[in-house]
Undergrad: 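Please find one structure pasted underneath; my questions will follow.
Basis for what follows: all heavy atoms, side chains included, without hydrogens, waters or symmetry-related copies.
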Amino acid sequence: MITKNTDGLLDALKTAQEKQDYESVAKYYLQLGKEYRKKGMTAKALYYLNRFDNLVGGMDSPYDKFAKKDDQACEWIEELEEEHMPYEKTIQEQVLEKAEDLNTPQKLQWLLLTMSRFCRLFTYTSLLPEFEAFGELESFVPADLEGGDGTFLFGAAVYVLSHFIFDEVDEDDIKMEFAAGGLMTDYYYRTSDTDVADEPKIKEETARIFSDYEFVKSNPNAASFRNRTAEYKKIMLV
């Protein structure tokens with residue numbers, strides 16, 4: 001019988017993931033969220049509760065047995081986020097506020113600069129369809145791309161950029177939150193007990209986010225924009 005402490009639950013979660021036993025994965029996500037919530041470790045609690053909600057939530061979920069627990073997890077997420085706004089959401093709000101001062105091309109430039117910083121990370125993910133190459137990235141896992149709806153926002157950025165090139169762009173389609181998408185906070189919520197705001201990589205990316213804002217607002221020429229994106233393509237976000 002696994003004792004209900006975080007170390008035991010983390011070991012059990014790892015085993016369930018290796019076996020691709022996703023019903024057990026969901027169970028351990030929820031139990032870890034509850035344990036970290038009891039310990040007052042809000043960021044970690046939110047990480048695991050959100051992982052649980054992402055796995056079992058939605059009308060087409062095959063995990064009907066978790067339906068009531070999913071409602072409870074959603075209540076806890078709302079409660080915890082009211083007490084402690086996650087770092088990435090705080091930065092997203094600041095991005096949205098600053099984006100009000102930009103025109104459409106400037107907004108899209110800001111998104112494109114963020115996107116360019118994913119190039120090195122995505123080089124690894126694109127090599128093999130089953131993500132075997134992730135073993136070379138410390139302990140990074142595909143789910144770490146979900147932070148702040150990261151994969152959805154990345155797709156939304158690709159969509160709006162392609163439409164801008166070939167057609168009109170509806171301002172409502174521009175998801176400016178993606179300008180903060182490179183923070184990769186889920187990786188640190190999962191692997192570290194340090195406040196993410198104090199993580200060196202997070203500090204670096206936060207600085208780049210707002211430096212990019214000032215850069216695009218200054219209406220850079222094509223050469224300086226290409227140079228900046230070329231440098232960003234060398235960056236590893238985690």
Side-chain angles (χ1 to χ4, degrees), residues 46 50 53-54 57-58 77-78 81 85-126 142-189 196-197 199 201-238:
L46 280 168
N50 276 310
D53 184 50
N54 289 344
I77 290 168
E78 290 179 7
E81 287 191 350
M85 177 71 77
Y87 182 80
E88 69 277 10
K89 292 197 174 183
T90 299
I91 301 301
Q92 285 175 3
E93 288 186 356
Q94 293 175 19
V95 163
L96 290 173
E97 183 177 347
K98 287 185 174 296
E100 293 177 2
D101 296 332
L102 303 178
N103 59 35
T104 296
Q106 289 171 330
K107 290 178 180 178
L108 297 180
Q109 285 180 332
W110 197 2
L111 296 180
L112 189 57
L113 288 168
T114 302
M115 192 175 292
S116 68
R117 294 196 289 277
F118 279 84
C119 285
R120 189 173 169 197
L121 178 61
F122 279 3
T123 296
Y124 289 93
T125 67
S126 64
D144 292 335
L145 290 169
E146 294 180 6
D149 294 323
T151 46
F152 163 74
L153 292 172
F154 187 93
V158 172
Y159 171 84
V160 75
L161 283 164
S162 63
H163 273 252
F164 178 73
I165 295 169
F166 298 109
D167 203 347
E168 295 290 327
V169 167
D170 187 334
E171 283 284 327
D172 293 335
D173 288 339
I174 304 178
K175 306 298 183 185
M176 287 310 304
E177 297 95 324
F178 177 68
L183 287 170
M184 297 287 102
T185 50
D186 272 7
Y187 172 78
Y188 296 99
Y189 291 147
V196 292
E199 291 284 352
K201 289 276 191 178
I202 296 292
K203 288 181 177 180
E204 290 171 10
E205 179 61 9
T206 302
R208 285 190 289 262
I209 290 166
F210 296 110
S211 174
D212 286 349
Y213 164 76
E214 297 294 342
F215 179 68
V216 300
K217 194 175 180 183
S218 71
N219 295 313
N221 60 36
S224 62
F225 192 87
R226 282 197 297 267
N227 289 339
R228 197 174 183 99
T229 55
E231 287 302 310
Y232 281 169
K233 288 177 181 179
K234 302 173 186 176
I235 290 172
M236 176 56 80
L237 288 170
V238 296

Undergrad: Side-chain atoms of residues 111-119: list all donor-acceptor pairs with protein atoms under 3.5 Å, sequence neighbours left out, distances to 0.1 Å.
TA:
{"unit_1": "Thr114", "atom_1": "OG1", "unit_2": "Trp110", "atom_2": "O", "d": "3.3"}
{"unit_1": "Thr114", "atom_1": "OG1", "unit_2": "Ala179", "atom_2": "O", "d": "3.3"}
{"unit_1": "Ser116", "atom_1": "OG", "unit_2": "Leu113", "atom_2": "O", "d": "2.6"}
{"unit_1": "Arg117", "atom_1": "NE", "unit_2": "Glu205", "atom_2": "OE1", "d": "3.0"}
{"unit_1": "Arg117", "atom_1": "NE", "unit_2": "Glu205", "atom_2": "OE2", "d": "2.9"}
{"unit_1": "Arg117", "atom_1": "NH1", "unit_2": "Asp212", "atom_2": "OD2", "d": "2.7"}
{"unit_1": "Arg117", "atom_1": "NH2", "unit_2": "Glu205", "atom_2": "OE2", "d": "2.8"}

Undergrad: Taking atom types as modelled, find out whether Tyr189 and Glu88 have a side-chain donor-acceptor pair closer than 3.5 angstrom.
TA: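 The criterion, which ignores hydrogens and geometry beyond distance, is satisfied for Glu88 and Tyr189.
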
Undergrad: May I ask you to test the Met236-Leu121 pair for a side-chain heavy-atom distance under 4.5 Å?
TA: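 The answer is yes, as the side chains (C-beta and beyond) meet within the 4.5 Å cut-off.
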
Undergrad: Between Asp101 and Gln106, does any side-chain donor sit less than 3.5 Å from a side-chain acceptor?
TA: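 No.
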
Undergrad: Could you state the interatomic distance from NZ (Lys234) to OG1 (Thr229), rounded to the nearest 0.5 Å?
TA: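 Between atom NZ of Lys234 and atom OG1 of Thr229 there are 11.0 Å.
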
Undergrad: Calculate, to the nearest 0.5 Å, the distance between atoms CG and CD belonging to Asn103 and Gln109 respectively.
TA: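 Interatomic distance, Asn103 CG to Gln109 CD, rounded to 0.5 Å: 8.0 Å.
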
Undergrad: Checking Ser224 against Asn227: is there a side-chain donor and acceptor pair closer than 3.5 Å?
TA: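 Distance-only check fails for Asn227 and Ser224.
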
Undergrad: Using every non-hydrogen atom in the two residues, find where Ile202 and Leu183 come nearest and quote the distance to one decimal.
TA: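 Minimum heavy-atom contact is CD1-O, 2.8 Å.
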
Undergrad: To check you understand the geometry: which heavy-atom pair defines the closest contact between Ser211 and Arg228, and what is its length?
TA: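 Minimum heavy-atom separation between Ser211 and Arg228: OG-NH2, 2.6 Å.
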
Undergrad: Mind checking the CE-CD spacing from Met176 to Glu93? Nearest 0.5 Å is all I need.
TA: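 The distance works out to 14.5 Å.
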
Undergrad: State which residue, out of Glu81, Glu177, Gln94, fulfils the side-chain contact (heavy atoms from CB on, under 4.5 Å) condition with Lys89.
TA: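 For Lys89, the side-chain contact (heavy atoms from CB on, under 4.5 Å) test succeeds with only one of Glu81, Glu177, Gln94, which is Glu81.
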
Undergrad: List the atom of Ile91, the atom of Ile209, and the distance in Å for their closest heavy-atom pair.
TA: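 Looking at all heavy atoms of both residues, the shortest contact is CG2-CD1, 4.1 Å.
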
